[in-house]
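Heavy atoms only: backbone and side chains are in, while hydrogens, waters and symmetry mates are out. Since this is a predicted model, take the numbers as computed values, not measurements.
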Amino acid sequence: MTRWTDFAGKASGEDYAARFATLARSGKNVHGEARFCAALVPAGARVLDAGCGTGRVMIRLAELGYDCVGVDLDASMLAVARDRSPGLPWFQLDLAEFEPALLGIEGGFDLVVAAGNIFPLLAPGTETTVVKRLSAALRPGGLLVAGFGLDEAHLPVPPNLTLSDYDDCCAAAGLTLVDRFATWDAAPYDGGGYAVSVHRR
């Protein structure tokens with residue numbers, strides 16, 4: 001049972017998608033994560049969207065020419081993603097059990113992105129396991145990008161993961177910190193309540 005499952009309940013996909021649709025209609029840029037990733041790896045690169053949700057990030061990356069795979073545990077979120085882009089590969093699986101071979105896909109991703117508070121919403125105690133599994137899916141030199149909240153103002157649940165904790169998980173998985181930002185627009189990180197971290201295998 002992840003913290004997301006506990007928080008979201010059974011029918012979160014349509015509501016989550018509607019929130020971003022409203023933001024997009026108001027003129028807000030809802031593709032910051034995809035733009036951030038596109039600045040790190042060239043079009044055509046293989047990208048794993050870990051905790052892909054309704055597919056907002058992955059669908060945009062696919063439109064930009066990336067070879068994408070999406071994995072999420074939430075069936076209602078994946079239903080929206082599959083409806084919006086049925087031709088893309090979407091898989092339902094707990095990230096703590098993720099292994100490309102189990103899904104019949106190749107590893108060796110150029111980039112893994114975990115947007116949308118994925119790590120603070122994992123089942124407590126599985127953070128290191130998930131980072132290790134995502135790291136193992138990267139090619140040597142590949143990048144893990146994760147953005148998540150660190151305080152109550154940036155999270156839907158009480159905070160439970162510090163940046164130091166996350167960096168320790170990454171170090172245990174053989175990952176090295178490359179850079180850290182305060183937003184998906186690459187604003188410098190100043191110790192605030194949200195961080196986007198880039199680690200390299």
Can you name the closest pair of heavy atoms from Cys170 and Val131 and give their distance? CA-CG1, 3.8 Å
Can you measure from CG (Leu111) to CG (Leu144) and round to the nearest 0.5 angstrom? 8.0 Å
Stepwise side-chain contact (heavy atoms from CB on, under 4.5 Å) test for Val47 and Val69: CA-CA 6 Å; Val47 176; Val69 172; over 6 Å; no
Any side-chain heavy atom of Arg56 sitting closer than 4.5 Å to one from Glu33? yes
Please give me the minimum heavy-atom distance between Gly149 and Asn117, naming the atom from each residue. N-OD1, 2.6 Å
Residue set satisfying ring pair (Phe, Tyr, Trp, His ring centres under 6.0 Å) with Phe91, at least two apart, ordered chain then number -> none
Please find the pair of heavy atoms, one from Pro120 and one from Asn160, that lie closest to each other, and give the distance. O-OD1, 3.5 Å
Minimum heavy-atom separation for Ser135 and Leu175, please, with both atom names. OG-CD2, 3.6 Å
Heavy-atom distance under 4.5 Å between the side chains of Val145 and Val196, does that happen here? yes
Determine whether a donor-acceptor pair (N or O, by modelled atom type, separation under 3.5 Å) exists between the side chain of Glu127 and the backbone of Gly125. yes
Please examine the side chains of Phe109 and Val113, heavy atoms only from C-beta on, and report whether any two atoms are closer than 4.5 Å. no
Working note: Ile118 + Leu95, criterion side-chain contact (heavy atoms from CB on, under 4.5 Å); need CA distance, chi angles, decisive distance, verdict. CA-CA 10 Å; Ile118 300 305; Leu95 291 175; 3.8 Å; yes
Heavy-atom pair of closest approach, residues Leu64 and Ala38: CD1-CB, 4.4 Å
Looking at CZ of Phe119 and OG1 of Thr126, how far apart are the two atoms once the value is rounded to the nearest 0.5 Å? 9.0 Å
So do Asp49 and Val71 actually touch side chain to side chain, heavy atoms under 4.5 Å? no
Can any side-chain N or O of Thr129 pair as donor or acceptor with the backbone N or O of Ala96 at less than 3.5 Å? no
Just wondering, do Phe98 and Lys132 contact through their side chains at under 4.5 Å, heavy atoms? no
is_close_aromatic(Phe148, Tyr194), centroid dist under 6.0 Å: no
Determine whether Met58 and Leu88 make a side-chain contact, defined as any pair of heavy atoms from C-beta on separated by less than 4.5 Å. yes
Look only at the side chain of Trp90 and the backbone of Ser85, and say whether a donor-acceptor pair between them is shorter than 3.5 Å. yes
Ignoring hydrogens and geometry, is there a side-chain-to-backbone donor-acceptor pair from Tyr66 to Val41 under 3.5 Å? yes
Where the side chain of Gln92 meets the backbone of Leu73, is there a donor-acceptor pair that is under 3.5 Å apart? yes
Does any part of the side chain of Arg60, heavy atoms only, come nearer than 4.5 Å to the side chain of Cys68, both counted from C-beta? no
Measure from the side-chain N and O atoms of Tyr189 to the backbone N and O of Gly192, and report whether any donor-acceptor pair falls under 3.5 Å. yes
In this structure, would Leu78 and Leu93 fall into the same cluster of hydrophobic residues linked by side-chain contacts under 4.5 Å? no
How many angstroms lie between NE2 in His199 and CG in Leu143, if you round to the nearest 0.5 Å? 11.0 Å
Report whether Leu61 and Ile59 are members of the same hydrophobic cluster (ILVMFWY, side-chain heavy atoms less than 4.5 Å apart, transitive linking). no
Listed once per pair and sorted, the side chain to side chain donor-acceptor pair (under 3.5 Å) pairs that draw on residues 95-104, sequence neighbours left out: Glu99-Arg133
Common cluster, Leu150/Val130, ILVMFWY with side-chain heavy-atom separation under 4.5 Å: yes
Minimal heavy-atom distance between Leu121 and Gly116, with the atoms involved, is CD1-O, 4.2 Å
Do Leu138 and Tyr166 belong together in a cluster built from hydrophobic side chains that touch within less than 4.5 Å? yes
Any carboxylate oxygen within less than 4.0 angstrom of a Lys/Arg side-chain nitrogen, looking at Arg46 and Asp67? yes
For Cys52, does its backbone N or O pair with a side-chain atom of Asp72 as donor and acceptor, under 3.5 Å? yes
What's the separation between atom CG in Asp179 and atom OG in Ser197, rounded to the nearest 0.5 Å? 9.5 Å
Do you see a donor-acceptor pair shorter than 3.5 Å between the side chains of Ser76 and Asp74? yes
Return each pair, listed once, that meets salt bridge (charged side-chain N to carboxylate O under 4.0 Å, His left out) where at least one residue sits in residues 147-167; pairs must be two or more places apart or across chains. Asp167-Arg180
